[in-house]
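Presented below is the structure to which this report refers.
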There are 2 protein chains.
Amino acid sequence: MSNEQVSSQDANLYAINNRLVFRLFQLGNTLDRMSSKELGVSPVHWAVLGALSREQVREGMLFSDLTEYLGVSRQNLDGLLKRLERDSHVIRLADQQDRRAKKVMLTTQGHVFWEELQLKIYEFYRQTFEGFLFDDKVTFVHFLNKLNNGMKNTHISPKE
Amino acid sequence: MSNEQVSSQDANLYAINNRLVFRLFQLGNTLDRMSSKELGVSPVHWAVLGALSREQVREGMLFSDLTEYLGVSRQNLDGLLKRLERDSHVIRLADQQDRRAKKVMLTTQGHVFWEELQLKIYEFYRQTFEGFLFDDKVTFVHFLNKLNNGMKNTHISPKE
DNA sequence: TATTGTTATACTCTATAACTATA
DNA sequence: TATAGTTATAGAGTATAACAATA
């Protein structure tokens, strides 16, 4: 990842890729650490609460839709929701139409928690994005999306 | 994180921040998953091996320098190195000057492993970065760096 | 006393397989 | 049979505190 020795002539092309992935790795770690430390929630919890706090899912969101939205597995979402239920931020209710399905929604306490969290997030953004122009952020999001798609569709043949 | 309801007039500014952090969160997850699945190593192991494979640290790297380089705590680096030692990719030797300190280096087997990994990483990059211009990557790295610094220096006052 | 690295502990997140209850 | 969600298990990473050896 940080190795810049390549036996071909496009060492620079390779090096920029290394640098990019290494920085991405570091930034991911920083997000994990800062989110937990400064906001008091992990990025995944943040994402779950954010998803459930939206107006359009005020009556709850299907468990299955939530796994797809967040991109985490059913099993792991179950664990996440267990912790959020333990903290009384979330409840799961059986769906009326399909009794196998569950609707996930914020509790009143979860809404209050989220609103308080918003204040911190607002300040978090203010400091974190200081010096970024609006258009820079748009470009940045575009790059993140593009890389995410490119990476998700990458497949290395299993031959060593 | 994905909530776009704000009670002020700069909802768009807030929304782009949300989108950016949510995409960053997703890309971090994708990197974790794809690295482990397609390359057979976690991003952290990748980073450790990459750091130790560099020419300039052929005689080993101080444990303490490695924690700083990677940005992980001493305790966690110890755990990482335990797993890498278990797989015979790395060894730790007492430093001669300062006998409290340890030098970390790749084993011969670790070097072989890294070289084989390089072939996969090369292909990983080829697919993942398809469609990215060189200059886009330079800009992207710049943004990642800038955001990392901004985020690391963010401090929310502990008052709820 | 301070620093280097280690041990111990607990928690979070992830991946995988097997299970249940509905459909 | 297939799908929705759960349980079980193992591994990996992280944070924190306390410790031994050396400086």
Side-chain angles (χ1 to χ4, degrees), chain A residues 25-49 60-87 89-105, chain B residues 25-49 60-87 89-105:
Chain A
F25 159 75
Q26 289 185 313
L27 182 51
N29 288 345
T30 301
L31 176 61
D32 278 348
R33 206 170 325 117
M34 289 297 123
S35 174
S36 303
K37 192 170 191 167
E38 301 295 332
L39 300 176
V41 295
S42 69
V44 191
H45 280 198
W46 178 359
V48 172
L49 296 175
M61 193 172 173
L62 282 177
F63 182 98
S64 53
D65 291 340
L66 195 51
T67 69
E68 195 177 346
Y69 183 81
L70 298 172
V72 304
S73 69
R74 298 171 293 152
Q75 296 92 325
N76 294 337
L77 181 59
D78 185 66
L80 288 167
L81 293 179
K82 278 210 177 72
R83 278 164 236 133
L84 287 167
E85 281 183 317
R86 178 201 58 196
D87 300 340
H89 291 151
V90 150
I91 45 166
R92 280 184 275 191
L93 301 171
D95 187 61
Q96 300 302 6
Q97 276 70 45
D98 184 340
R99 297 212 330 273
R100 295 172 303 182
K102 290 283 178 69
K103 284 247 182 182
V104 188
M105 64 184 73
Chain B
F25 160 73
Q26 289 186 314
L27 183 52
N29 288 345
T30 302
L31 176 61
D32 278 348
R33 206 170 325 117
M34 290 295 123
S35 173
S36 303
K37 192 169 190 168
E38 301 295 332
L39 301 176
V41 295
S42 69
V44 190
H45 280 197
W46 178 359
V48 172
L49 296 175
M61 193 171 173
L62 282 177
F63 183 98
S64 52
D65 291 341
L66 195 51
T67 69
E68 195 176 346
Y69 183 81
L70 298 172
V72 304
S73 68
R74 297 171 293 153
Q75 295 92 325
N76 294 337
L77 181 58
D78 185 66
L80 287 168
L81 293 179
K82 277 211 178 72
R83 280 164 234 134
L84 287 168
E85 281 182 318
R86 179 202 57 195
D87 301 340
H89 291 151
V90 150
I91 45 167
R92 279 184 276 191
L93 301 171
D95 187 61
Q96 300 303 5
Q97 275 71 45
D98 184 339
R99 293 202 347 264
R100 293 173 304 182
K102 290 284 177 71
K103 283 247 181 181
V104 188
M105 64 183 74

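Quick note on labels: first sequence line is chain A, next is B, and so on, each numbered from 1. In what follows, every heavy atom counts, from backbone to side chain, and hydrogens, waters and symmetry copies are set aside.
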Would you check if [X] and [Y] make a side-chain contact, meaning some heavy-atom pair closer than 4.5 Å?
{"X": "A:V41", "Y": "A:S35", "answer": "yes"}
{"X": "A:D32", "Y": "A:S42", "answer": "no"}
{"X": "B:H89", "Y": "B:H45", "answer": "no"}

B:L39 and B:W46 have their tightest heavy-atom pair at CD1-CZ3, 3.6 Å
Nearest whole Å is fine: how far is [N] [atom2] from [X] [atom1]?
{"X": "A:E85", "N": "D:dT7", "atom1": "CD", "atom2": "P", "result": "10 Å"}
{"X": "A:L70", "N": "C:dC13", "atom1": "CG", "atom2": "C1'", "result": "13 Å"}
{"X": "A:L62", "N": "D:dA4", "atom1": "CG", "atom2": "P", "result": "9 Å"}
{"X": "B:D78", "N": "D:dA20", "atom1": "CG", "atom2": "P", "result": "16 Å"}
{"X": "A:L93", "N": "D:dT6", "atom1": "CG", "atom2": "P", "result": "12 Å"}
{"X": "A:K103", "N": "D:dG5", "atom1": "NZ", "atom2": "P", "result": "11 Å"}
{"X": "A:F63", "N": "C:dT20", "atom1": "CZ", "atom2": "C1'", "result": "14 Å"}
{"X": "A:R83", "N": "D:dT6", "atom1": "CZ", "atom2": "P", "result": "14 Å"}

Candidate nucleotides [options], ranked by approach to the side chain of [X] - the nearest:
{"X": "A:Q75", "options": "C:dA23, C:dA18, C:dG5", "value": "C:dA18"}
{"X": "B:R100", "options": "C:dT4, C:dT6, C:dT16", "value": "C:dT4"}
{"X": "A:K102", "options": "D:dT14, C:dT14, D:dT6", "value": "D:dT6"}

Check this one for me: any side-chain N or O of [X] less than 4.0 Å away from OP1 or OP2 of [N]?
{"X": "A:H45", "N": "C:dC13", "value": "yes"}
{"X": "B:K82", "N": "C:dT7", "value": "yes"}
{"X": "A:R74", "N": "C:dA15", "value": "no"}
{"X": "A:R86", "N": "C:dT12", "value": "yes"}
{"X": "A:S64", "N": "D:dG5", "value": "yes"}

So CG of A:L62 and NZ of A:K103: to nearest 0.5 Å the spacing works out to 5.5 Å
When rounded to the nearest 0.5 angstrom, what distance separates CE in B:M61 from CD in B:E68? 9.0 Å
List in numerical order all residues of residues 32-42 of chain B for which some heavy atom is under 4.0 Å away from an atom belonging to DNA chain C. B:R33
Evaluate B:L70 against A:N29 for side chain to side chain contact (heavy atoms under 4.5 Å, CB included), listing each step before the verdict. CA-CA 10 Å; B:L70 298 172; A:N29 288 345; over 6 Å; no
Taking the basic N atoms (NZ, or NE/NH1/NH2) and the acidic carboxylate oxygens, is any pair closer than 4.0 Å for A:R92 and A:D78? yes
A:R99 or A:V72, whichever maps to the more 5' nucleotide of DNA chain C: A:V72
Could you say whether B:Q96 or B:L80 is positioned toward the 5' end of DNA chain D, judged by the nucleotide with the nearest heavy atom to each? B:L80
Between A:N29 and A:N76, the residue closer to the 5' end of DNA chain D by nearest nucleotide is A:N76
